2 protein chains.
Amino acid sequence: MAKINDNGTLREANCSEELMAMRDSLEVLGGKWKLMILRFLTNRSHQVIYFKKMQREIDGISAKMLSKELKDLEANLLILREIQDTRPITVAYSITEYGKSVLPVTETLVQWGLNHREKIIISMTK
Amino acid sequence: MAKINDNGTLREANCSEELMAMRDSLEVLGGKWKLMILRFLTNRSHQVIYFKKMQREIDGISAKMLSKELKDLEANLLILREIQDTRPITVAYSITEYGKSVLPVTETLVQWGLNHREKIIISMTK
DNA sequence: GCTATCAGTTAACTAAAGGTTACCAGTAAC
DNA sequence: GTTACTGGTAACCTTTAGTTAACTGATAGC
């Protein structure tokens, strides 16, 4: 693959680096649920969020998937897991400072989703 | 699901709407390749891009997946497909104006990926 | 005539992601 | 004693993603 264009710039090399960076992001944040969970915990960072509460409020997620995704996110230092000494035992999940760095990603996705829905509604009423 | 919090705000309703918008985005843009393809075509919007060229330059994609993803993206009006009257016949793909609206999404993902790689390198050298 | 290029498609297959159901232990209310 | 809540796990199943190799048909170069 060429690293220098006809005009002498490094555009293709930069492009490839960009695509690699995006692939990295998608590896950590990709899949059906991870960004949803991060957004949910960011929105509720002023509350204490338990496993069952998340399962009830994130539409359609199963205990298995929630459990797996939370483990992945914790391993990547994006969320914090704290076992509370209550009866019955509860486990509190919260977003970390690093997890908050994902906010711009979810924000652009929320904005694009809202805009896309509007576009679809407009194209249907025409 | 409650629509009004203890303090009388509509926070949970807003949160749910946000998550729905994000789910919409992920339905159209999700998966391993769609955002990569859109980013690639945006970066190269000053060039004419053919099928084989994309297959060679987007690392790891097969003809079958590229063909399928391009169809999906075209159906969502994000890219344009034009058959050129050349010998042999070539097919040019380009980003649409609407497709360019995805740029903020890929941009935040590229930035986050670069930052994440740096964080990982730092944590390894410690 | 042989080989290569273009843009794919098709079939047959494996791998990964995600969903469903049942189940566990501990505790607390009825 | 029964039910219900907590936070999960294990086994199984389905769906989606992805791979590989063979093939199309027109055309151009050697």
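Not measured: the values here are computed from a predicted model. Values reported hereafter were calculated over all heavy atoms of this structure, with side chains retained and with hydrogens, waters and symmetry mates removed. Here is the naming used below: chain letters follow the sequence lines, and residue numbers restart at 1 for every chain.
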Do the side-chain N or O atoms of [X] get closer than 4.0 angstrom to the phosphate oxygens (OP1, OP2) of [N]?
X       : N      : answer
A:Arg81 : D:dG8  : yes
A:Trp33 : C:dA17 : no
B:Lys68 : C:dT9  : no
A:Tyr50 : D:dG8  : no
A:Arg87 : D:dA4  : no
B:Lys71 : C:dT9  : yes
B:Ser67 : C:dA7  : no

When the distance from [atom1] of [X] to [atom2] of [N] is rounded to whole Å, what number comes out?
X       : N      : atom1 : atom2 : answer
B:Ile89 : C:dT5  : CD1   : C1'   : 13 Å
A:Glu27 : D:dA17 : CD    : C1'   : 15 Å
A:Ile58 : C:dG18 : CD1   : P     : 14 Å
A:Met65 : D:dG8  : CE    : C1'   : 15 Å
A:Leu70 : D:dT6  : CG    : C1'   : 15 Å

Exercise. How do A:Tyr93 and A:Lys64 order along DNA chain D: which one's closest nucleotide is nearer the 5' end?
Worked result: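 Checking each residue's closest nucleotide, the 5'-ward one belongs to A:Tyr93.
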